[in-house]
Amino acid sequence: MPNLNKGKSIWSLPYILMIAISLFDTLSYMMVVYVITQYSVDIGIKASVASIIVSAMSVATLVMRPFGGRLLDRFNPKKVLTIAFAGVVVTMLLYFVAKSFVALLLVRILHGICYAITTLATVALVGEMLPIEKMGSGMAWYGIGLVTGITLGSVIGTNLYFGPAGAKGLFTACLIAAVAAFVLCFFIPNKKKAPAAPAEKLPLGKQISGMFCREALPAALCNFLFMFAQAAYGAYIMVFINSMGASVGAIGTFYLVWGLALYVARPLAGAIYDKLGLSTAMTFCMVCFAGFLVVVSFTTSPIMTYAAAILGSLGYGGAMPVMQAAANSCATPERRGVANSTQLVGGDVGSFIGTLVAGAIVGIFSIDGVAVASSYRAAFLLSLVPLAILVGICISRRKQWGKNAN
């Protein structure tokens, strides 16, 4: 693919705007995600069905991603992003009045549809702004908005909801963040998009295949195996640390160390990708994440726990921009929407299957039907299998996935 941006710096006003938009988008999402289960119970929804409301957004996001990629490739990405954020603003308003299971379920589905498009569109637009040889570093620094949003969103959301502000204060803060992202969209330069070719009536099979990008399959495979492996961590790390008798303060410090390490992990992994390619960068991230799973499984002191947090951050935080960069580098500008959706769908499917497998492992290793620390430890250690498979693939494909392989 011709490198139209060769020699350009990654830093520009539109690029900085995209970092800010990502920050506000992530804030509006993260402030809700940690308390939605408790909110569902508080408005009278049974805890046994609250999980359906929680997962509804994830399912809607997964289903919408392929369609979102097609939208971005056929229409102006800035306009698609602006309309999607208008949808997020409407969603945040609807949270105020959704007081039943059906109403809240529909709001979560709408939120998932809009969030699928905003996350795809921001990455695709950033990809258009970056020179190919700096795609890894550019995606890494762009992710600082995401990292900051995750760190601040979880803290602000829980403090607002469980504090005097309550649900209204929480949804007001989410609405303000969504409006800020929506307004910033108007300041993104409006890049003219080549008119789409006249639509042909294609067989259903070709229409479906057109929603995916073959060139992005290496990134999608990496994301599938990695998210499969990290599913056990995502589902059980909190209860595992609790089962080890850690204090609330220690858990908070664990996440603080993890979050701070992300500011190093993302730029470092992006620089490795730019210099050495997908294979080496993913191998580095997977070795770090494997180290995290081993260390956290056998931790006996706070120092070991915090060391595990650093390793986990290097692995998980580093892998994200590497896979985003690989998806953007392999596709022509008019196919970047589909390329990004292909990569993300791989991760969504891996996370879904991995969560089911991790749950089964915890069940198998439970004692008299009760999960204990060793149950979660088994799930973490068996997650090393997909990581080992991914490392093996990366090593065997080092020539194809090396520097400038895309």
Side-chain angles (χ1 to χ4, degrees), residues 18 21-22 25-26 28-30 33 54-88 91 106-128 139 142-143 146 149 181 204-228 230-231 234 319-356:
M18 295 308 301
I21 288 171
S22 174
D25 187 24
T26 308
S28 68
Y29 168 73
M30 292 302 299
V33 74
V54 175
S55 61
M57 182 173 176
S58 300
V59 174
T61 301
L62 171 60
V63 173
M64 188 60 198
R65 285 209 201 273
F67 298 98
R70 291 283 283 177
L71 281 173
L72 291 171
D73 290 339
R74 291 190 63 82
F75 301 101
N76 186 307
K78 175 190 171 179
K79 292 181 179 178
V80 173
L81 180 64
T82 306
I83 293 170
F85 271 121
V88 174
T91 302
L106 292 175
V107 170
R108 293 290 289 172
I109 291 171
L110 176 61
H111 197 176
I113 291 170
C114 295
Y115 187 69
I117 298 174
T118 60
T119 49
L120 276 174
T122 49
V123 173
L125 282 166
V126 169
E128 291 181 359
M139 283 295 169
Y142 157 74
L146 174 70
L204 180 60
K206 288 192 175 181
Q207 290 184 38
I208 294 174
S209 65
M211 294 181 180
F212 299 93
C213 177
R214 181 177 298 176
E215 294 81 4
L217 287 179
L221 176 61
C222 289
N223 207 2
F224 170 80
L225 287 169
F226 176 60
M227 294 304 288
F228 189 119
Q230 77 85 42
M320 294 299 106
V322 167
M323 292 182 289
Q324 289 173 341
N328 278 278
S329 299
C330 73
T332 54
E334 63 274 9
R335 291 280 289 168
R336 279 186 178 149
V338 171
N340 278 291
S341 69
T342 300
Q343 180 261 134
L344 289 169
V345 166
D348 291 338
V349 174
S351 181
F352 177 73
I353 298 175
T355 301
L356 295 178

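Atom set for the values below is all heavy atoms of this structure, side chains included, hydrogens, waters and symmetry mates excluded. Sequential numbering from 1 along the given sequence is applied to the chain's residues.
- Residues I353 and F228 have side chains in contact (heavy-atom distance under 4.5 Å, counting atoms from C-beta outward).
- Contact detail for G112 and M57: the closest heavy-atom pair is CA-CG, 3.5 Å.
- Contact between I109 and A60 at its shortest, heavy atoms only, is O-CB, 3.5 Å.
- Side-chain atoms of T26 come within 3.5 Å of backbone atoms of S22 as a donor-acceptor pair (strictly under, hydrogens ignored).
- Between D25 and F85, the closest side-chain pair of non-hydrogen atoms falls below 4.5 Å.
- Annotation for S28 and V88: closest pair OG-CG1, 4.4 Å, computed over non-hydrogen atoms.
- In this structure the side chain of V345 reaches within 4.5 angstrom of the side chain of V349, judged on heavy atoms.
- Contact between A219 and M323 at its shortest, heavy atoms only, is CB-O, 3.8 Å.
- Using bins of under 30°, 30° to 60° and over 60° for the plane-to-plane angle, the ring pair Y115/Y29 lands in the parallel bin.
- For T82, the side-chain contact (heavy atoms from CB on, under 4.5 Å) partners are K78, F182, C185, F186, not counting sequence neighbours.
- The nearest pair of heavy atoms linking C114 to A84 is CB-O, 3.8 Å.
- Heavy-atom minimum distance, G354 versus A231: C-CB, 3.3 Å.
- In this structure, the side chain of N223 engages the main chain of Q343 through a donor-acceptor pair within 3.5 Å.
- M139 has its side chain within reach of V123: a pair of non-hydrogen atoms, C-beta onward, lies under 4.5 Å apart.
- Judged by distance alone, with hydrogens and angles left aside, the side-chain atoms of T119 form a donor-acceptor pair with the main-chain N or O of A116 at under 3.5 Å.
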